[in-house]
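Just so it is clear: chains get the letters A, B, ... in the order the sequence lines come, proteins before strands, and each one is counted from 1.
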Amino acid sequence: MAMNNKLRIIYDGLIANNPTFVLLLGMCPTLGTTGSAITGMSMGLATMGVLVCSNMAISAIKGFVPSKVRIPAYIIVIATFVTVLQMLMQAYLPSLNALLGIFIPLIVVNCILLGRAEAFASKHSVVDSMCDGIGTGLGFTLALTMLGAVREFLGTGRVFGLDVYPERFGSLVFVLAPGAFIVLGLMIALFNRINRR
Amino acid sequence: MLTYISIIVTAIFVNNIVFSQFLGICPFIGVSKRLESAVGMGAAVMFVMALATSVTWILQTAVLEPLGLQFIQTIAFILVIASLVQMLEIVLKKVAQSLYQALGVFLPLITTNCAVLGVAILVTQRGFGFMESLVYSVSTAIGFTLALVIFAGIREQLQLVDVPCSMRGVPIALICAGLLAMAFMGFSGIKIG
């Protein structure tokens, strides 16, 4: 039963309340880093790492933080973990860090993190908050990877760097800015249709 | 002088913050249902962005760099921006009632507008001087307002159109934004100076 409950929390974040396709949160990195499946997935995993840590930390300190100053406190917690991530990436994954560029520090203002802190972590136990972080983070990663894979496939004929069809048949516009908006719009429409059934 | 013109044209048209840098998408989707609110949001963003960029630029060059504390840039900037917005709200409420009524609703939303933090960080990454930073932030905000106003005009028309059920609302809006981004791609390659 207890285990089931945890899986339920993860499922909620992943599918039923998918942050990108259902709640429409965190649009900027969703559009900005999905030029290919790999960059989309990296961004999703980076956000997930910060989300799991910040959810656990916020759930752990929820007893001491006066409710009046809770939002600034949450922002500091999130910003701290983002800074840690930034330094780790600069040290160990410099090329990926350069590729994702400004979107790594901008995880701070990703509404998913503050949203989950306020809506979930501030009311639930540390373990439940971790599960919520994993579920929501995976949902975000899934969405970004799918979006990146579709754009990469339509634009260059590759998925995760593997050739599927010759590049000259691809339409570069899907890798560029307009494709991001159009593919995301179509995918949200698809998700709406599946959810309504 | 030419550098300033180049910064202005690049920030408004060539590297438009919404259509080519993907910053500030949340307000772009959220506040673009009506033309008036789009204009209000644009004005509020311009005000906050110029102020926040100046303050964070001074913070960066006068405090963080001499002390070798660049690594806490993210934390410092987000705190400064959040408190700046709060302060601005209080000051406007006391001093300029009419301005507060026009911009007040949008101010709390701006704290989580990634465009403000994004511009503050971009300016330090590119090594702009103070005046360049100020010009860059104002013209970026003009680009944001331009995008928002064009998009709001389209969305007002869109409400009258019969759209398939699953496409209603955000999906069709995003596809329109994609077409607009395609139009803005026409500016790419323009160079001045």
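Hydrophobic cluster membership is shared by Ile121(B) and Val108(A), with clusters built from Ile, Leu, Val, Met, Phe, Trp and Tyr side chains linked at under 4.5 angstrom. Cluster annotation: Leu142(A) is connected to Val183(A) through the hydrophobic network of ILVMFWY side chains, with a link wherever side-chain heavy atoms come within less than 4.5 Å. A continuous path of Ile, Leu, Val, Met, Phe, Trp and Tyr side chains, each step under 4.5 Å between heavy atoms, connects Met131(B) with Val123(B), placing both in one hydrophobic cluster. There is a path of hydrophobic side-chain contacts, each under 4.5 Å, that joins Ile102(A) to Leu117(B). Connection of Val55(B) to Leu92(B) is established within a shared hydrophobic cluster, with ILVMFWY side chains joined at heavy-atom distances below 4.5 Å, either directly or through further cluster members.
Contacts of Phe103(A) with chain B are made by side-chain atoms alone, with heavy-atom separations under 4.5 Å and no backbone atom involved. Using a 4.5 Å cut-off between heavy atoms, Thr30(A) does not touch chain B at all. Of the atoms belonging to Met182(B), heavy atoms from both backbone and side chain fall under 4.5 Å from chain A. The contact between Leu184(A) and chain B is made by backbone and side chain atoms together, counting heavy-atom distances below 4.5 Å. In this structure, the portion of Gln21(B) lying under 4.5 Å from any heavy atom of chain A is its backbone and not its side chain. With a 4.5 angstrom heavy-atom cutoff, Gln90(A) does not touch chain B via any of its atoms. Heavy atoms closer than 4.5 Å to chain B are found in the side chain of Leu24(A), but not in its backbone. Contact of Val173(A) with chain B is made through the side chain alone, with heavy-atom distances under 4.5 Å. Using a 4.5 Å cut-off between heavy atoms, Leu176(A) touches chain B through its side chain atoms alone. Using a 4.5 Å cut-off between heavy atoms, Ile29(B) does not touch chain A at all. With a 4.5 angstrom heavy-atom cutoff, Ile75(B) touches chain A via backbone and side-chain atoms both.
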Problem set entry | side chain to side chain contact (heavy atoms under 4.5 Å, CB included) between Leu23(B) and Leu106(A), worked out | CA-CA 9 Å; Leu23(B) 297 177; Leu106(A) 285 183; 3.3 Å; yes

Exercise. Could you go step by step and tell me if Gln73(B) and Thr83(A) meet the side chain to side chain contact (heavy atoms under 4.5 Å, CB included) rule?
Worked result: CA-CA 8 Å; Gln73(B) 189 194 47; Thr83(A) 306; over 6 Å; no

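Residues Ser166(B) and Asn192(A) share a closest heavy-atom pair of O-ND2, 3.2 Å. Residues Cys28(A) and Phe22(B) approach most closely at CB-O, 3.2 Å, considering heavy atoms.
The candidate with the highest count of non-hydrogen atom pairs below 4.5 Å against chain B, out of Ala180(A), Ala79(A), Gly101(A), is Ala79(A). In terms of heavy-atom pairs under 4.5 Å with chain A, the best-connected choice from Ala177(B), Ser20(B), Pro171(B), Cys165(B) is Pro171(B). Between chain B and the options Gly26(A), Ala177(A), Gly179(A), heavy-atom pairs under 4.5 Å are most frequent for Ala177(A).
Here CD1 of Ile72(B) is found 10.5 Å from CE of Met87(A). Values are rounded to the nearest 0.5 Å. One finds the CD1 atom of Ile76(A) at 4.5 Å from the CG atom of Leu79(B) (value rounded to the nearest 0.5 Å). With rounding to the nearest 0.5 Å, the separation of OG1 in Thr74(B) from CD1 in Ile78(A) is 13.0 Å.
More than 12 heavy-atom neighbours from other residues, nucleotides or ligands sit within 6.0 angstrom of CZ on Arg126(B). Environment of NZ in Lys123(A): crowded, with over 12 heavy atoms of neighbouring residues, nucleotides or ligands closer than 6.0 Å.
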